[in-house]
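Below, read A as the first sequence line, B as the second, and so on, with proteins coming before strands; counting in each chain starts at 1. Because only heavy atoms are used, hydrogens play no part in the values below, and waters and symmetry mates are left out as well, while side chains stay in.
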There are 2 protein chains.
Amino acid sequence: MDYKKTANLFKALADENRLQIMEILKDGEKCACKLLEALQISQPTLSHHMKILCDAELVSGRKEGKWMYYSISKAGIKNAKTYLKELKISEGK
Amino acid sequence: MDYKKTANLFKALADENRLQIMEILKDGEKCACKLLEALQISQPTLSHHMKILCDAELVSGRKEGKWMYYSISKAGIKNAKTYLKELKISEGK
DNA sequence: ACAACATATTGACAAATTTCGATATATCAA
DNA sequence: TTGATATATCGAAATTTGTCAATATGTTGT
């Protein structure tokens, strides 16, 4: 098990603003500008958070002209679920 | 949804030493002294990490004489799994 | 009561993270 | 090409987190 990678995955979910971003993206793909409207943070800060979420594969981004569209990505969520599942199976021994 | 509580839950999993602790506890209940042997950290640091894991309900502690026994707790894991499940169900809309 | 041991708490410091303003890059429209 | 707009990157300040040494608390055995 890769502690560093797993820690980074959970770090990505360990911030209130990023959780709120995930919450918004649950509704489907959104433009960065829409996310910026919804959150009380600056544009560079949003860009930073999106990079963290994308690096963790929790979100994927798509560029269309000058806009960036973000949506939830399965890979990161699957990794997190797999980790939690493995905690559970051996629990209680 | 309580962003602060959820962020704290994932924060608890967002540290390499705490992930290693969870890994050891997968094998079953362990004394704090056993954990201390396994990790390259000081006793106060271990105590601090155990508090964070307990607060997140990922681990529960039991005092027996002068020893503390820790084991994985279902509640926190269930909360994390529930959160991830809710991300998935509405994904792709 | 006292000494030895296990764990928790405190206080301080270093490292990591979040944040923003300023600036750079890229795209579109006139 | 020039100006407007969307996003990314840089650099610095503020906050949070991880860490340890010192100390406190609580338990056991003598």
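Nucleic acid contact for B:Ile52: sugar-phosphate only, since backbone atoms but no base atoms lie under 4.0 Å from a heavy atom of the residue. Using a 4.0 Å heavy-atom criterion, one finds that B:Tyr69 contacts no nucleic acid atom at all. Residue B:His48 is classed as a base contact, given a heavy-atom separation below 4.0 Å to a base.
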Inset, instruction - Sugar-phosphate atoms are those with a prime plus P, OP1 and OP2; base atoms are the rest. Using that split, label each nucleotide of nucleotides 23-30 of chain D B, S or - for protein heavy atoms under 4.0 Å, 5' to 3'. - result: ---SSS--
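Atom CD in A:Glu37 sits about 10 Å away from atom P in D:dA6, given to the nearest Å. Look at CG on A:Asn8: it is 12 Å from C1' on C:dT17, rounded to the nearest Å. As a whole-Å value, the separation of B:Lys51 NZ from D:dG18 C1' is 15 Å. One atom, CE of B:Met50, and another, C1' of C:dA8, lie 13 Å apart when rounded to the nearest Å. Distance CG (A:Leu39) to P (C:dC20): 11 Å, rounded to an integer number of Å. Rounded to whole Å, the distance from CG on B:Asp55 to P on D:dT17 is 12 Å. For A:Leu36 and C:dC20, the CG to C1' distance is 13 Å, given to the nearest whole Å. Rounded to an integer number of Å, the gap from NZ of B:Lys30 to P of C:dT7 is 14 Å.
For the pair A:Thr45 and C:dC20, the criterion of a side-chain N or O lying under 4.0 Å from OP1 or OP2 is met.
A 6.0 Å sphere centred on NZ of B:Lys81 holds more than 12 heavy atoms belonging to other residues, nucleotides or ligands.
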Inset, instruction - Check the pair B:Tyr70 / B:Cys31 against side chain to side chain contact (heavy atoms under 4.5 Å, CB included), numbers first and verdict last. - result: CA-CA 6 Å; B:Tyr70 292 104; B:Cys31 177; over 6 Å; no
Legend entry - Verdict with reasoning, A:Arg62 to A:Glu64, per salt bridge (Lys or Arg N to Asp or Glu O under 4.0 Å): CA-CA 6 Å; A:Arg62 175 173 73 81; A:Glu64 189 175 316; 2.6 Å; yes
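Along DNA chain C, the nucleotide nearest A:Ile41 and the nucleotide nearest B:Cys33 are compared for position; the residue whose nucleotide lies closer to the 5' end is B:Cys33. Summary of the strand contacts: B:Cys31 and A:Leu46 both lie near DNA chain C, and taking for each the nucleotide with the nearest heavy atom, the more 5' one is attributed to B:Cys31.
Interface residues of residues 11-19 of chain A facing DNA chain D, ordered by number: none; criterion, heavy-atom separation under 4.0 Å.
The minimum heavy-atom distance between B:Leu19 and B:Leu13, with the atom names listed, is CD2-O, 3.3 Å. Nearest heavy-atom pair across B:Asp15 and A:Ala7 is N-CB, 4.1 Å.
Of the listed nucleotides (C:dA8, C:dT7, D:dT7), C:dT7 has the atom at the smallest distance from the side chain of B:Ala32.
Hydrophobic side-chain contacts under 4.5 Å tie A:Trp67 into a cluster, directly or through other members, with A:Tyr69.
We find the NE2-CG distance between A:His48 and A:Leu53 to be 10.0 Å, quoted to the nearest 0.5 Å. Going from atom CD of B:Glu23 over to atom CD of A:Glu86 covers 8.0 Å, rounded to the nearest 0.5 Å. The line from CG of A:Leu25 to CD of A:Gln20 is 11.0 Å long, rounded to the nearest 0.5 Å.
Using a 30° and 60° split on the angle between ring planes, A:Phe10 and A:Tyr83 fall in the perpendicular class, above 60°.
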